[in-house]
2 protein chains.
Amino acid sequence: MTPVPASRPARERLLDAAGGLFYESGIAATGVDAILARAGVSPATMYAHFAGKDGLVAAYLQQRHEAWQRTWDEVLAERDDPVERLLSVFDAVTRFRERGGNRRGCGFLAAATELPPGHPGRPWLDADSQLLTGRLRDLAVTAGAGDPDDLAATLLLLYDGALSRYARGATTPGLPGGDPLARARRLAREQVLAALGQS
Amino acid sequence: MTPVPASRPARERLLDAAGGLFYESGIAATGVDAILARAGVSPATMYAHFAGKDGLVAAYLQQRHEAWQRTWDEVLAERDDPVERLLSVFDAVTRFRERGGNRRGCGFLAAATELPPGHPGRPWLDADSQLLTGRLRDLAVTAGAGDPDDLAATLLLLYDGALSRYARGATTPGLPGGDPLARARRLAREQVLAALGQS
DNA sequence: GTCTATAAAGCGATAGAC
DNA sequence: GTCTATCGCTTTATAGAC
């Protein structure tokens, strides 16, 4: 008979604070105290909402995964041409980064580096990989690529290359060679056209 | 008048232990205790050789940077053809990984993600970036590329893509699309030939 | 140069009141 | 559901003997 669950504010503030700090300073380097201070929440409240720091990390990755997927869905809904739909992953990540004010690299790549094998956040990293490989493959099939898995793997390589360049360049502000994502998209377009042309 | 400094064993054992643990478990997640236990060294001895954990991290990165540069030098000494010399970075990293028994991604990429802005190890990450961009550019010039900086940036993108794929795949054992480094080399070869052909 | 023992701080997590 | 106060462990780092 509860009218509305409605217990939002503290949990959301915690996720916001944790998300910012995890992304900015790294997961292992971010203490629970810092998250609590930024969120303006007491320790007991946090442990009422999440199963410890690991649970908060997992929730952060889930939230980020879902936001990323929504952004990609959004961009896909704006594209009709099969080639443009294949390249949409680059436009989507550009939009995702603009929204989040992302200055560093990919949050999932960083988490993949930091989290130990059995961590409860790992499944969301796998979900991210699955989304990328699966969706790129499907789009390649629809576009009529001769070897969809091969084309998807190539696009994924370029995607990873651009994002890891951001991670390295966080220190050295002046990225040489212009925007890595723009370069990756250009190369991806070449590869897509070549793969469709000779199929 | 000291005949030989010769104070090696403890310091080297510490670097070996730290290198293995930092690479395997991450820098922030690796405690000093674990390093001391693996090296069989007491805390006081470590602090006599290094300025704290940060100093040890910096020394680890310096050692890794120098080993990587030596490996690349070695491979370059075996190549005469300008195109092969440009692609040598992919062969060198393959050899480097075989030697170190590397299963995870790039140690420098991981460190770039983990280390805060003012960390004493940062200069070695910059040195690594400098080595890659500078040397690739020089090789592109020698090969006669019309836009050496552009070609170098493209090769770097592919290089980063392959290495970050390893980082993500550490969890998911079955990497789709075959070996990322082989794929990156193949794409790089295409780009090099195209860049030299139309110059 | 290397050890044993310990200090000092930070961390994740919990108890109990409201 | 949220707070204040605190526990207990781990971590980095140092003191002092050999």
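Protein chains get the first letters and strands the later ones, always in sequence-line order, with residue 1 at the start of each.
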side-chain N/O A:T45 vs D:dG1 OP1/OP2, d < 4.0 Å: no
A:D33 atom CG is separated from C:dC11 atom P, nearest whole Å, by 6 Å
Expressed in angstrom and rounded to an integer, what is the separation of A:L14 atom CG from D:dT2 atom C1'? 12 Å
Rounded interatomic separation in angstrom, taking NZ from A:K53 and C1' from C:dG10: 12 Å
Report the distance from atom CZ of B:F50 to atom C1' of D:dA13, rounded to the nearest whole Å. 16 Å
Assuming nearest nucleotide by heavy-atom distance, tell me which of A:P43 and A:A29 is located more 5' along DNA chain C. A:A29
Hey, is A:R185 close enough to A:D179 for a salt bridge, meaning N to O under 4.0 Å? no
Check the distance between D:dT4's C1' and A:M46's CE and give it to me in whole angstrom. 17 Å
Salt bridge flag under 4.0 Å for residues A:R183 and B:D150: yes
Classify the ring geometry between A:F108 and A:H65 as parallel (under 30°), tilted (30 to 60°) or perpendicular (over 60°). perpendicular
Length of the line joining B:L56:CG and D:dT11:P, which is rounded to integer Å: 15 Å
Is A:Y47 near enough to C:dA13 that one of its side-chain N or O atoms lies under 4.0 angstrom from OP1 or OP2? yes
Here the distance between atom C1' of D:dT11 and atom CG of B:D54, to the nearest Å, is 13 Å
In terms of the nearest nucleotide of DNA chain C, which residue is placed more toward the 5' end: A:A44 or A:A28? A:A28
Aromatic B:F22 / basic B:R64 pairing, under 6.0 angstrom, 45° off normal: no
Counting side-chain heavy atoms from CB outward, which of D:dG16, C:dA15, D:dT2 is closest to A:H49? D:dT2
A:I27 atom CD1 is separated from C:dG12 atom P, nearest whole Å, by 12 Å
